[in-house]
Amino acid sequence: LRPDPISISAACGAAALAALASAMGAEARGAPRKLRLPDEGDEALALSVAADTANGQQEMVYASTALGWLCLYDLRQGDCAMKSRLSECEEATSVQVHPKDPNTMYVSLEKDIHVLDARRLEGTMAKLESCTDAINQIVVNADGDFLASADDSGEVRVTDLKGRKTFKRMKNG
């Protein structure tokens with residue numbers, strides 16, 4: 001079974017990307033390859049990975065990293081095909097590709113969720129309403145209508161992606 005979209009959060013470095021490649025069926029094309037991160041050190045710590053599954057090819061993987069890097073990997077080659085530093089001082093804690101529009105992606109930086117054009121990885125197209133505290137994870141539903149975000153305060157916020165407004169907020173306790 002392949003989850004759609006594939007998302008592994010709080011994973012570290014090349015091991016997480018190799019596991020994702022394996023989960024996406026890379027083993028059917030030969031032994032899974034380790035993907036190289038763009039830099040050594042803190043920038044190489046992958047916090048979240050997501051696959052573009054909308055086009056059925058399942059060969060492109062995005063990784064958000066500590067210190068604000070966003071990297072696009074081509075699983076056919078195993079290399080970072082494109083990268084962009086979204087922030088100098090904030091972690092890119094979670095990344096999701098829109099399930100129906102592979103050109104639209106969502107990346108969390110601290111309390112904010114940025115909407116990006118996946119073809120360029122640069123420049124925020126829009127910014128969704130901010131969360132109460134630092135965001136841990138974001139998830140887009142299968143229809144691409146809603147995005148849920150969980151933050152350090154225990155709040156889960158559901159955002160209507162068409163209206164770009166908060167639909168519902170839930171707090172633990």
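Throughout, numbering of the chain's residues begins at 1 and tracks the sequence.
A donor-acceptor contact shorter than 3.5 Å is absent between the side chain of S84 and the backbone of L86. Judged by distance alone, the side chain of R164 and the main-chain N or O of A126 form no donor-acceptor pair under 3.5 Å. Using modelled atom types, one side-chain atom of D101 and one backbone atom of N103 make a donor-acceptor pair closer than 3.5 Å. With hydrogens and angles ignored, the 3.5 Å screen pairs a side-chain donor or acceptor of S64 with a backbone N or O of A92. No side-chain donor-acceptor contact under 3.5 Å links K100 to the backbone of A142.
The cluster map of Ile, Leu, Val, Met, Phe, Trp and Tyr, joined by side-chain heavy atoms under 4.5 Å apart, puts M125 and L128 in the same cluster. If you chain together hydrophobic residues whose side chains sit under 4.5 Å apart, L147 and V158 never meet in one group. Two different hydrophobic clusters hold F146 and I138 under the rule that ILVMFWY side chains link at heavy-atom gaps under 4.5 Å. No single ILVMFWY cluster, assembled from side-chain heavy atoms under 4.5 Å apart, contains both V156 and I135.
Residue S153 holds its OG atom at 3.5 Å from NZ of K171, rounded to the nearest 0.5 Å. Here the CZ atom belonging to R169 is positioned 9.0 Å from the CG atom belonging to D151, to the nearest 0.5 angstrom. Taking OG1 from T132 and NZ from K111, the interatomic distance works out to 8.0 Å, rounded to the nearest 0.5 Å. If you take CD on E110 and SG on C131, they are separated by 11.0 Å, rounding to the nearest 0.5 Å. Separating the CG atom in L72 from the NZ atom in K83 is a distance of 12.5 Å, to the nearest 0.5 Å. Annotation: the span from T166 atom OG1 to R157 atom CZ amounts to 4.0 Å, rounded to 0.5 Å.
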Could you give me the CA-CA distance, side-chain angles and deciding distance for Y62 and V49, then say whether side-chain contact (heavy atoms from CB on, under 4.5 Å) is met? CA-CA 6 Å; Y62 298 90; V49 293; over 6 Å; no
Begin with the C-alpha distance, continue with both residues' side-chain angles, and end with the deciding distance and a verdict on side-chain contact (heavy atoms from CB on, under 4.5 Å) for T65 and L47. CA-CA 5 Å; T65 70; L47 299 177; 5.8 Å; no
Could you walk me through whether N136 and T93 pass side-chain contact (heavy atoms from CB on, under 4.5 Å), step by step? CA-CA 6 Å; N136 293 307; T93 55; over 6 Å; no
Going through the checks in order, is the side-chain contact (heavy atoms from CB on, under 4.5 Å) test met by M60 and Y73? CA-CA 6 Å; M60 304 308 255; Y73 292 91; over 6 Å; no
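Between Y106 and V95 the shortest side-chain heavy-atom distance does not fall below 4.5 Å. Side-chain contact between L70 and M105 is present, with heavy atoms from C-beta onward closer than 4.5 Å.
Of the charged side-chain nitrogens involved, at least one lies within less than 4.0 Å of a carboxylate oxygen, so that D112 and K127 count as a salt-bridged pair. D117 has a carboxylate O that lies under 4.0 Å from a charged side-chain N of R119, or vice versa, which qualifies the two as a salt bridge.
Minimum interatomic distance between H98 and G144 (heavy atoms only, all atoms of both residues): NE2-O, 3.0 Å.
A side chain to side chain contact (heavy atoms under 4.5 Å, CB included) with Q96 is found for exactly one of V140, T104, V107, namely V140.
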